[in-house]
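This report refers to the structure that appears directly beneath it.
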Amino acid sequence: EPEVTQTPSHQVTQMGQEVILRCVPISNHLYFYWYRQILGQKVEFLVSFYNNEISEKSEIFDDQFSVERPDGSNFTLKIRSTKLEDSAMYFCATTPLSSGSFIEQYFGPGTRLTVT
Amino acid sequence: KQEVTQIPAALSVPEGENLVLNCSFTDSAIYNLQWFRQDPGKGLTSLLLIQSSQREQTSGRLNASLDKSSGRSTLYIAASQPGDSATYLCAGGFSNFGNEKLTFGTGTRLTIIP
């Protein structure tokens, strides 16, 4: 069964450093999302992306964050200057393009980001 | 602002019993609800998706219902097994745009006692 993959599984970085988290969507999926889960808290929406542009972003997704699909397969989340509070599990999710009915979101295994 | 709540935060049940997990939401205009399973330190596994036009969905020992008027969804697990131990999350989509973001509850941590 096709699945969403994410790399790395765990990233440790120092405060102020840039990190790039990578996701490989399921091959025929066209809509992409990033969510994050701070330890012990809810899964929170960050951003959705379609047709090479951001569709929606949350208030968490400030100027320190960016997303892109650099090569038609990977979907990346970049944090320019990491802060301690960015430590969390980051999940990528993908769906096929919807015709109007809700489509199940498929989640990757996550990248655990630890900022020291 | 849409809110999704899951109570209780933790539940322990002897093996073999049937159980119900609860999910409530503040916006009755919910369009869709998805139930997930999360094992410790792992990703999210989708269990069931209920669209607003449906009242329930079944997969094996799992049955999920959606009652928009009362703002509630339930996940029923029949004949529980130790392997069912995990955190169960519900998440709602509150727009009729098919690729809407999900709003998650805090989850219920389920422990099945052998």
Side-chain angles (χ1 to χ4, degrees), chain A residues 1-7 9-10 23 25-26 29-51 54-61 88-114, chain B residues 1-7 9-10 23-26 29-54 57 59 62 64 66 68 73 86-109:
Chain A
E1 184 175 332
E3 56 184 24
V4 178
T5 59
Q6 290 185 243
T7 55
S9 57
H10 189 191
C23 168
I26 294 172
H29 286 195
L30 299 175
Y31 224 94
F32 315 121
Y33 313 78
W34 285 101
Y35 293 82
R36 79 173 185 189
Q37 185 179 32
I38 296 171
L39 187 63
Q41 298 187 23
K42 289 186 180 187
V43 176
E44 302 172 289
F45 168 77
L46 293 178
V47 65
S48 58
F49 187 86
Y50 169 68
N51 202 23
I54 291 174
S55 299
E56 185 178 1
K57 60 183 180 180
S58 72
E59 58 191 22
I60 302 168
F61 194 88
M89 182 77 93
Y90 288 80
F91 293 108
C92 172
T94 73
T95 72
L97 181 61
S98 167
S99 61
S101 297
F102 190 80
I103 299 295
E104 186 175 0
Q105 293 191 17
Y106 295 83
F107 280 71
T111 292
R112 180 169 299 284
L113 177 65
T114 302
Chain B
K1 183 180 178 183
Q2 296 94 5
E3 293 283 343
V4 179
T5 305
Q6 293 182 252
I7 296 173
C23 172
S24 61
F25 42 90
T26 54
I30 191 168
Y31 273 87
N32 312 279
L33 193 127
Q34 197 166 348
W35 280 92
F36 295 88
R37 168 186 173 133
Q38 185 176 32
D39 292 288
K42 302 294 186 182
L44 306 177
T45 301
S46 180
L47 298 173
L48 288 165
L49 167 68
I50 311 177
Q51 299 190 25
S52 58
S53 57
Q54 302 168 323
Q57 282 285 344
S59 176
L62 306 180
L66 177 63
K68 292 175 60 176
S73 175
T87 296
Y88 290 81
L89 304 174
C90 66
F94 293 91
S95 164
N96 63 350
F97 177 56
N99 294 99
E100 176 67 13
K101 68 178 185 290
L102 292 172
T103 300
F104 280 82
T106 47
T108 295
R109 188 174 68 253

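All values below were derived from every heavy atom in this structure, side-chain atoms included, with hydrogens, water molecules and symmetry-related copies excluded.
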Leading residue by heavy atom contact count with chain A [cutoff under 4.5 Å; candidates B:Leu44, B:Leu89, B:Thr45, B:Thr106]: B:Leu44
Pairwise side-chain contact, B:Trp35 with B:Gln57, heavy-atom cut-off 4.5 Å (strictly under): no
Most chain A-contacting option - heavy-atom pairs closer than 4.5 Å, from B:Ser46, B:Ala91, B:Ser52: B:Ser46
Aromatic plane relationship, A:His29 with A:Tyr106 - under 30° parallel, 30 to 60° tilted, over 60° perpendicular: tilted
Stacked cation flag B:Lys101 on B:Phe94, 6.0 angstrom / 45 deg: no
Heavy-atom pair of closest approach, residues B:Thr87 and B:Gly107: CG2-CA, 4.2 Å
Which atoms of A:Gln37 approach chain B - backbone, side chain, both or neither, heavy atom under 4.5 Å: side chain
